[in-house]
Each structure stands twice: as C-alpha cells, then as structure tokens.
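Shown next, in structure tokens, is the structure this report addresses.
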Amino acid sequence: TIPGLSASYTGAPALEYAYTKKNVTTGLFETVSEIRGAGEYSVTVTLPESANYNEIDVVVTVTIQKADVTISTITGIDGWTYGDVADTPSATANFGMTGSLVFKYATAIDGVYAEGVPTDAGTYYVKAYFAGNTNLNEAWSAATEFTIAKASVTVPSVSNKPYNKETQASGLTAGIG
C-alpha cells in the first residue's frame, strides 16, 4: 500500500517500491528511502516475475505541495509614549514555527514592512513574518495598529526675584516627562 493512495495489492509475490525525489536545483531525480517533505516524487512499484506473473513496473508521479503557515493575531503591543520602553509583540504559528517569526513595522497598513522597532511618535503597524522553508510557504500575519504617543514637556517656571545687578537665569527648570 502506498500511503495516501487507494490502490493496494496483497498477493504474492510482494510488491517492491523505489522512490526518487526531484532535486529543485538540478532538476534530476535522486533516490530517497521514503516520501517525506514537499516536492515531486517518482514512485516505481514493481511486481517481480513469478510462476504466474510477468514482471511489471508502474511509475507514479506524486507531488507534495508546501503547507501554509497560519499566524495568530499579534498581542502585547498596545503602544507607548515616546522615550519609554517599547512594547514587545507576540504571535504564534502552526507547525511549531513560532520561534521563526520576525516582527516587521510600517507607517501605513499597506506600506513596506521592515525590521526595527520605530522610536518616533506616530501611528504604526506591525506584522509577524515567516520566511518559509522547503516544506512551508512564506506567511504574514494581519497588521496590528499601535501608537507611540508624544511625550509631555514641562514648561520652565520662573519666580520673581529682586534685581541684583547680575544674571538671574538660575532656578529655571525644564523637562520632558
């Protein structure tokens, strides 16, 4: 029985199987021990010659498509104030790919997303990205909007002082907070 196919043979002699997989770089088929992972395979099923049967070979081409990765909605990024520590986004992905996610940021929902957490005040979008591999397709999460709020500024205060024939700038304070 070939996994995933409905044909089977239970008689004697036993069927023999040989597997080859197409090398995506060279385009040539290489011998493999089993069908495993995405790719194009050629399976040769041989019924050996016996007292009652002539030998016969049947070649079947099987293509295993790459699987799609699904990335969850991003959490943990609610926005912050300019100068504060940035929020850390988080998301999960199927096929155990959560550790392979990279977070990318843009200034518009349909903008160009790039690595690097923004630092200036404004509205931004973040997406989780999976680059794909030999068995899984590239994937993006939905965009999540967040805002880096403008920081408050403390205006300097000046108290009245009597004139003393010298510069009287001391006592001025200003800050961002």
Side-chain angles (χ1 to χ4, degrees), residues 1-80 85-119 123-146 148:
T1 302
I2 299 174
L5 298 179
S6 60
S8 64
Y9 168 79
T10 57
L15 295 174
E16 298 170 1
Y17 299 91
Y19 306 100
T20 58
K21 182 177 182 181
K22 187 174 188 178
N23 182 310
V24 294
T25 304
T26 66
L28 302 175
F29 281 86
E30 301 169 348
T31 301
V32 293
S33 61
E34 62 186 348
I35 295 178
R36 182 178 201 89
E40 183 179 336
Y41 295 85
S42 178
V43 180
T44 303
V45 182
T46 302
L47 174 63
E49 184 175 342
S50 69
N52 296 316
Y53 298 101
N54 291 321
E55 180 174 314
I56 186 170
D57 289 327
V58 177
V59 178
V60 178
T61 300
V62 177
T63 300
I64 309 296
Q65 301 294 330
K66 287 183 175 188
D68 290 330
V69 172
T70 302
I71 302 172
S72 69
T73 300
I74 295 174
T75 60
I77 190 156
D78 301 319
W80 59 93
V85 175
D87 290 345
T88 302
S90 117
T92 58
N94 59 343
F95 299 108
M97 295 296 111
T98 298
S100 299
L101 295 178
V102 175
F103 293 94
K104 296 190 176 195
Y105 302 84
T107 56
I109 196 165
D110 59 353
V112 176
Y113 285 78
E115 291 183 53
V117 179
T119 56
T123 299
Y124 297 93
Y125 300 86
V126 61
K127 287 185 178 184
Y129 172 71
F130 173 69
N133 61 32
T134 57
N135 293 313
L136 301 170
N137 289 315
E138 171 186 65
W140 288 89
S141 71
T144 297
E145 181 179 340
F146 67 97
I148 301 175

*Min side-chain heavy-atom separation F103-I74 under 4.5 Å*: yes
_Closest non-hydrogen atom pair, F130 against N137_ = CD2-O, 3.6 Å
*asked:* Set out, in order, the CA-CA distance, both residues' side-chain angles and the distance that settles side chain to side chain contact (heavy atoms under 4.5 Å, CB included) for D87 and F146, then state yes or no.
replied: CA-CA 10 Å; D87 290 345; F146 67 97; over 6 Å; no
_When you measure from the side chain of K21 to the backbone of E34, do you find a donor-acceptor pair of N or O atoms at a distance under 3.5 Å?_
no
_Closest non-hydrogen atom pair between A86 and V117, with its separation_ = CB-CG1, 3.8 Å
*asked:* Is any side-chain heavy atom of N94 closer than 4.5 Å to one of V69?
replied: yes
*asked:* Measuring from atom OG1 of T46 to atom CG of L15, what distance do you get when rounded to the nearest 0.5 angstrom?
replied: 8.5 Å
_Holding to ring-ring contact (aromatic ring centres under 6.0 Å, His included), I want the full list of residues that pass it with Y129, two or more places apart in sequence or in another chain._
W140
*What are the two closest heavy atoms between G111 and A106, and how far apart are they?*
C-CB, 4.3 Å
*Could you go step by step and tell me if W80 and I148 meet the side chain to side chain contact (heavy atoms under 4.5 Å, CB included) rule?*
CA-CA 5 Å; W80 59 93; I148 301 175; 3.4 Å; yes
*asked:* Can you tell me how far apart CD (E40) and CD1 (I64) are? Round to the nearest 0.5 Å.
replied: 11.0 Å
*Any sub-3.5 Å donor-acceptor pair from S72's side-chain atoms to T92's backbone N or O?*
yes
_A side-chain contact here means heavy atoms from C-beta on lying under 4.5 Å apart; do F95 and S100 qualify?_
no
*If every non-hydrogen atom of S141 is compared with every non-hydrogen atom of I71, which pair is closest and at what distance?*
CB-CG2, 3.6 Å
_For Y125 versus T123, what's the shortest heavy-atom pair and its separation?_
OH-CG2, 4.3 Å
_Residue D57 excluded, over 12 heavy atoms near CG under 6.0 Å_ = yes
*If you round to the nearest 0.5 Å, how far is NZ of K127 from OH of Y105?*
14.0 Å
*Has the side chain of T98 got a donor or acceptor atom that lies under 3.5 Å from a matching backbone atom of A93?*
yes
*Might you work through the side chain to side chain contact (heavy atoms under 4.5 Å, CB included) test for I109 and E145, ending with a clear yes or no?*
CA-CA 8 Å; I109 196 165; E145 181 179 340; over 6 Å; no
_Closest non-hydrogen atom pair, F29 against K22_ = CD2-N, 3.5 Å
*Rounded to the nearest 0.5 Å, how far does NZ of K66 lie from CG of L136?*
8.0 Å
*To the nearest 0.5 Å, tell me how far E30 CD sits from T20 OG1.*
9.5 Å
